[in-house]
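Protein chains get the first letters and strands the later ones, always in sequence-line order, with residue 1 at the start of each.
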Amino acid sequence: MKVKPRLVKGTRDFLPEQVNKRKYILNTIQTVFKKFGFQEIETPAIELLETLTGKYGEEGDKLLFKILNSGDFLSKADDQHLQEKDSKAITASISEKGLRYDLTVPLARYVVQHQNELNFPFKRFHIGPVWRADRPQKGRYREFFQCDADIIGSTSLLNETELTLILAEAFEALGLSVKIQLNNRKILEGIIETVGVSEQYKEILIAIDKMDKIGEEGVTNELQNLQLTAEQITELFALFSITDLHALANSFKDKSAIGEEGCEEMTSILNKCSKKNVVFAPALARGLDYYTGTIWEVVVNDVAMGTIAAGGRYDNLTEMFGGQNMSGVGISFGIERIYDVLEELNQWPADITTSTKVLIINFGNEGENVGWQLLQSLRNSNIPSELFPDDAKLKKQMSYADKKNIPYVIFIGEEEIKTGKYSLKAMTTGEQNVLGLEELIEVLK
RNA sequence: GUGGUUGUAGCUCAGCUGGUUAGAGCGUCGGUUUGUGGUUCCGAAAGUCGCCGGUUCGAACCCGGUCUUCCACCCCA
């Protein structure tokens, strides 16, 4: 049976060059993580649905990929739901596993499960694919990679500062000019409390978060739909535009203790982190349901791409798994978007697609045998090298090297066999030299 | 999940209001070049026009369904 080769919606294949580029991003970020003392962990792609469900809000639950139970699952299915063809209700009796939606909830599970084996404060990073049954759009896929660093078990604000520095350093290493925006859920809560509309905290946040997209007018509209009065809306906008922490703390005085606390936290973080591109953004609301303190959002300058990294502090996540209350704080790099940005700016290192240093041209027979011996010597000297496997046309072999971005080729013909030397050609300049083994290794090293 | 949009050679796209054997550029392969790639020049292969069904004497083109792409909403990396 012949099948047409095609991909699942929202997933992609990666060509070797793309993998090189992705690895470059990951390695760059990883190096920074390690420099700051983070250790890498791994968890399964599949988790129990009970682990995942209810952590991302109702919307998030809908986007979970569920896995059908093995075996004769229908015989164990709930009969009534089956009869009624109630897809939503039947799920519980035919599916108990799902694909992870992010790396943070699995981390919470992991930390509680291994709390006696871990060394706290636990600083880990985790890179891996996650899945969301979202409708794909540009830069949004159903399978994508997350690249997270989190600190569990410490409420110190030093951690926030460290993560901010990691963001700054990683993007600097990638050669990207970014703006790192910070806010605090406590400040948001304070603003909303001060205006006296706390019952609609979540809805208001969602509306405020759209500021960039739909503008002040659009947000006003949404707030009116939430039955806020004109005075309340005016007051909200006024508070959300105060970027001076001192002034903001003053407006919280005697009105919102939590707001004041948020201002204190924010001040403390920023004082230890005097980078120019780190700014307090009071209207920044973005973040998942579980964030409780500081939140981050990083946007690139010069490219319309939106957020390329985000994060926040979450105080209650481990509680859901019966663990003692351990606060966590973490950031996540949107590597798919970072890739697109680097691509658009063509900001890749020059040697990104080079892996093999030298190709030995195959002229067959004796040349091949000599080439084979040479190949072993080169590899013993740690020079990434290949021998073309077929006695193919020279044109074919040369263009193979060309396409693979191999900087050197070696010719071994009659002349070279006789003298025991090799002709080394530099592909970029066309320059060609006859060298002995020692010299050859010296040049290629 | 809601509304819209896209789908023609490996890739990017033409194909006028439905009319006989569906085109181009790039790429691939072969030759020009019997030990020198990235430039020329010549030639070739390659498409049941996303899939299924319908209307019609006749469909890449019209209609319905389905899948896919992208966009907006929801939400989000």
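Taking atom CG of A/D134 as the reference point, atom P of B/C73 lies 13 Å away to the nearest angstrom. If you measure from atom CD of A/Q137 to atom P of B/U68, you get 15 Å, rounded to the nearest angstrom. Taking atom CG on A/L7 and atom C1' on B/U69, their separation rounds to 13 Å, with Å as the unit. Taking atom CG on A/N221 and atom P on B/C73, their separation rounds to 14 Å, with Å as the unit. At whole-Å resolution of the value, CZ in A/R132 and P in B/G1 are 17 Å apart. As rounded to whole Å, 12 Å separates atom P of B/C11 from atom CG of A/L15. One atom, CH2 of A/W131, and another, P of B/A77, lie 17 Å apart when rounded to the nearest Å. One interatomic measurement links the two molecules: CZ of A/F144 to C1' of B/C76, which rounds to 8 Å at whole-angstrom precision.
In this structure, A/F333 forms no aromatic stack with the base of B/A77, since the conditions of centre separation below 5.5 Å and plane angle below 30° are not both met.
Distance noted for atom P between B/U12 and B/G19: 26 Å (whole Å). Nucleotides B/G47 and B/C51, compared at atom C1', are 15 Å apart to the nearest Å. B/C75 sits 39 Å from B/A14 when the C1' atoms are compared, rounded to a whole Å. Nucleotides B/C74 and B/G4 place their C1' atoms 15 Å apart, quoted to the nearest Å. Taking the C1' atoms as reference points, B/G27 lies 16 Å from B/G43, given to the whole Å. B/C42 and B/U33 have their P atoms separated by 15 Å, given to the nearest Å. Nucleotides B/G15 and B/A77 have their P atoms positioned 41 Å apart, rounded to a whole Å. The C1' atoms of B/U5 and B/A46 are separated by 30 Å, rounded to the nearest whole Å.
Within a 6.0 Å sphere centred on CD of A/Q39, heavy atoms belonging to other residues, nucleotides or ligands number 12 at most. Residue A/E442 qualifies as open at atom CD: its count of foreign heavy atoms under 6.0 Å is 12 or below.
Of all nucleotides listed (B/C75, B/A77, B/C74), B/C75 comes nearest to the side chain of A/I206.
The side-chain tip of A/R132 does not point at the ring of A/F144 from less than 6.0 angstrom away and within 45° of straight on. Because its NZ or CZ atom is not both nearer than 6.0 Å to the ring centre of A/F65 and within 45° of the ring axis, A/R142 does not count as a cation-pi partner of that residue.
Annotation: A/W296 is not in aromatic contact with A/Y291 [ring centroid separation under 6.0 Å not met]. Ring-centre distance between A/F171 and A/F333: below the 6.0 Å cut-off. For A/Y422 and A/F411, the ring centers are positioned 6.0 Å apart or more.
Mapping A/E143 and A/K9 onto RNA chain B by nearest heavy atom places A/K9 closer to the 5' end of the strand. Each of A/E222 and A/S332 was matched to the nucleotide of RNA chain B holding its nearest heavy atom; the match closer to the 5' end belongs to A/E222.
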Q: Could you run through nucleotides 28-38 of chain B and give me one letter per nucleotide, 5' to 3': B if any protein heavy atom sits under 4.0 Å from the base, S if only the sugar-phosphate is that close, - if neither?
A: SS-SB--BBBB
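Checking B/G25 for Watson-Crick or G-U wobble geometry (two distances, each under 3.5 Å) identifies B/C11 as its partner. Figure legend. B/G64 is base-paired to B/C52; pairs are counted as Watson-Crick or G-U wobble with both atom distances under 3.5 Å.
Among the protein residues, A/G367 comes within range of no part of the nucleic acid, since none of its heavy atoms lies under 4.0 Å from any strand.
Counting distance only, with no hydrogens placed and no angle test, the side-chain atoms of A/R135 and the base atoms of B/C76 include no donor-acceptor pair under 3.5 Å.
A side chain to side chain contact (heavy atoms under 4.5 Å, CB included) with A/L223 is found for one member of A/V219, A/T220, A/N221 and no other, namely A/V219.
A/T11 and A/E143 share no donor-acceptor pair across their side chains, judged by distance under 3.5 Å alone.
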